[in-house]
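Data first, discussion second: the structure below is written as structure tokens.
Indexing begins at 1, ligand by ligand and atom by atom, following the structure's order. For the single chain, residues carry numbers from 1 onward in sequence order.
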Amino acid sequence: MKKIDFSPPDITNEEINEVVDTLKSGWLTTGPKTKKFEKNLAKFCGVEKAIGISSATMALEMVLRLFDIGEGDEVITTAYTYTASASAIAHVGAKPILVDVKKGEFNIDPQKIAEKINSKTKAIIPVDVAGIPVDYDEIYKAIEDKKELFMPKKDTMQETLGRILLLSDSAHSVGAKYKGKMIGSVADFSVFSFHAVKNINMAEGGAILFNNIGDIESAKIYRKLQMLSLHGQTKDAFSKNELGGWRYSIDFLGYKCNMTDLNASLGLIQLERYKNGLLQKRKTIFKRYIDNLKNESQFILPILENENMESSCHLFLLRIKSIDENKRDQIIDEMSKKGIATNVHYIPLPMHPAYKNLGYNIIDFPNTYEMYENEISLPIYTKLRLEEVDYICEVLSNILKEYPCVVKN
Ligand SMILES: *Cc1c(COP(=O)(O)O)cnc(C)c1O
């Protein structure tokens, strides 16, 4: 029996050689390779600055801390995401405000964001689910429309920005485009993940992308983020290592989530390969799924692009008409018996105990539940062969024929 994994890594000798080069270089943690990766990433996305962080989760937290967001503040995010988007909000002591997705879509509803904005709202964290950019213009409009409610803390970057911060969780959407602009350059701040299952794999890793904010230069923001992510220390280990550079100062009690050169060596190669073929490969696989499945009326297919956006094809979120959660789970089991690993993205946040304890109930997120109950994520990764895509589609179609759908009403 064929065995098809869900998202195995695509690592070549190039990555291996780069990692070995780092191991032999005598410098393992934040250093020249991290700096080079940051420059290459910023250039790829058309922004002034990128800073490497140990994960996207910590990257979100660092931006919230940069803006002094914490106790007594509210931050809006989507119910349809991985817990990281919301837990970073809780980690700084602020309250995560979950909102529903647009009907028939996986992305947050800008209209519902507008309804939740009040004088405590300090940031909005939308998620480009599966690599499809949210409607950034609509979210900026909601922020603009409610501008008079904004109450910034004195002498903070909140005050400099003068409105609610738009911090994009772009963990899925590196390489995607919104109205012709690269993701990373659209929101005030954007965060990427380079976790092993993401489009660019550094085992673990994240980054923050940004430009100037008002009259605060991006270089100054970079410096602040660098200190936040390294104990509030005025010098990183690499500059301390330079001749005569031993003296340092701890200016505030910061955190510890810097990127290492070991991870950055993976990123340097992965980013080049992503630009030169891996992203295109994802698109080819995505299209092959569409070609195979488009003539069967029981499927609701995800989109690759439209007049506003181009997806990064991080996930292939298929929906099957007229099935409920149980039926969907059965189909996943049958696929698994045939050796095919599938997944569900995501179990909505209000369905998890941690979020129920915060008072959330899935009943209040009808659009989110509707997207979740009949969703199956099919494997999409750069080593997946097109014949394997055909095989996955064939197995799925056969399962649906053998086990006629329990039509719910
Ligand atoms: C993977 C993921 C994250 C977290 O990324 P890490 O780098 O593992 O911290 C955040 N948000 C979303 C939507 C994700 O899928």
Side-chain angles (χ1 to χ4, degrees), residues 6-7 9 34 37-38 41 50-65 75-92 96 98-99 101 105-108 123-134 136 166-176 183-184 187 189-209 225 229 255-260 262-264 266-267 270-271 282 302 311-317 343-352 354-355 368 371-372 375 377 380-381:
F6 187 71
S7 184
T34 301
F37 175 70
E38 291 171 347
L41 184 65
I51 183 166
I53 300 288
S54 61
S55 71
T57 309
M58 288 310 294
L60 289 170
E61 180 178 331
M62 290 305 105
V63 179
L64 294 174
R65 293 200 184 278
V75 177
I76 297 171
T77 191
T78 173
Y80 209 107
T81 183
Y82 184 58
T83 186
S85 321
S87 56
I89 300 166
H91 292 162
V92 301
L98 303 182
V99 310
V101 295
E105 292 182 20
F106 289 101
N107 281 344
I108 195 166
I124 296 166
I125 305 184
V127 181
D128 299 330
V129 177
I132 295 180
V134 295
Y136 286 96
L166 178 41
L167 164 57
S168 173
D169 180 340
S170 305
H172 298 180
S173 53
V174 58
I183 289 300
F189 283 73
S190 303
V191 161
F192 291 142
S193 171
F194 307 116
H195 176 273
V197 301
K198 301 287 162 50
N199 282 21
I200 292 176
N201 170 11
M202 297 170 66
E204 297 280 358
I208 305 166
L209 288 88
L225 284 168
S229 60
Y255 304 86
K256 183 61 171 63
C257 50
N258 50 309
M259 175 176 280
T260 77
L262 215 44
N263 296 100
L266 286 169
Q270 285 266 302
L271 178 58
R282 283 186 175 272
S311 172
S312 64
C313 299
H314 174 54
L315 298 167
F316 192 88
L317 305 185
N343 235 309
V344 173
H345 290 90
Y346 287 94
I347 299 171
L349 297 185
M351 295 178 78
H352 293 288
Y355 292 90
T368 293
M371 298 304 284
Y372 155 77
E375 192 275 332
S377 307
I380 179 163
Y381 54 88

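On a distance-only criterion, H195 and ligand 1 share no N/O pair closer than 3.5 Å. Polar contact check, E204 against ligand 1: no nitrogen or oxygen pair lies under 3.5 Å apart. Here's the thing with K198: one of its N/O atoms is less than 3.5 angstrom from an N/O atom of ligand 1. Annotation: A56 places an N or O atom under 3.5 Å from an N or O atom of ligand 1; distance criterion only.
Counting only N and O atoms by type, the side chains of N199 and H314 include a donor and acceptor under 3.5 Å apart.
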Run the side-chain contact (heavy atoms from CB on, under 4.5 Å) check on N107 and V101 step by step: do they pass? CA-CA 5 Å; N107 281 344; V101 295; 5.9 Å; no
Would you check, one step at a time, whether the test side-chain contact (heavy atoms from CB on, under 4.5 Å) holds for V129 with H345? CA-CA 9 Å; V129 177; H345 290 90; over 6 Å; no
Working for side-chain contact (heavy atoms from CB on, under 4.5 Å), residues F106 and I132: CA-CA 9 Å; F106 289 101; I132 295 180; over 6 Å; no
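Those atoms of ligand 1 that come under 4.0 Å of a heavy atom in V127, given as number and element, are 13 (C). Heavy-atom proximity to T81, at under 4.0 Å, picks out these atoms of ligand 1: 13 (C). If you number the atoms of ligand 1 from 1 as listed, the ones under 4.0 Å from a heavy atom of H172 come out as 13 (C), 14 (C), 15 (O).
Ligand 1 has at least one atom lying under 4.0 Å from a heavy atom of Y346. Heavy atoms of G205 approach ligand 1 to within less than 4.0 angstrom.
Contacts of A171 with ligand 1, taken as heavy-atom pairs under 4.0 Å, involve the side chain alone. Here T57 has heavy atoms under 4.0 Å from ligand 1 in both its backbone and its side chain. In A84, the part holding a heavy atom less than 4.0 Å from any atom of ligand 1 is the side chain.
Relative orientation of the F194 and F37 rings is perpendicular, given thresholds of 30° and 60° on the angle between their planes.
At the top of the distance list for atom 11 (N) of ligand 1, counting protein heavy atoms only, stands D169 OD2, 2.7 Å.
Side-chain contact between Y80 and I108 is absent, with no heavy atoms from C-beta onward closer than 4.5 Å.
Checking T78, T77, D169 one by one against S85, the side chain to side chain donor-acceptor pair (under 3.5 Å) holds for a single residue, D169.
Distance check: R65 CZ to S229 OG gives 12.5 Å after rounding to the nearest 0.5 Å.
Shown here is Y82, whose OH atom has no more than 12 heavy atoms of other residues, nucleotides or ligands within 6.0 Å.
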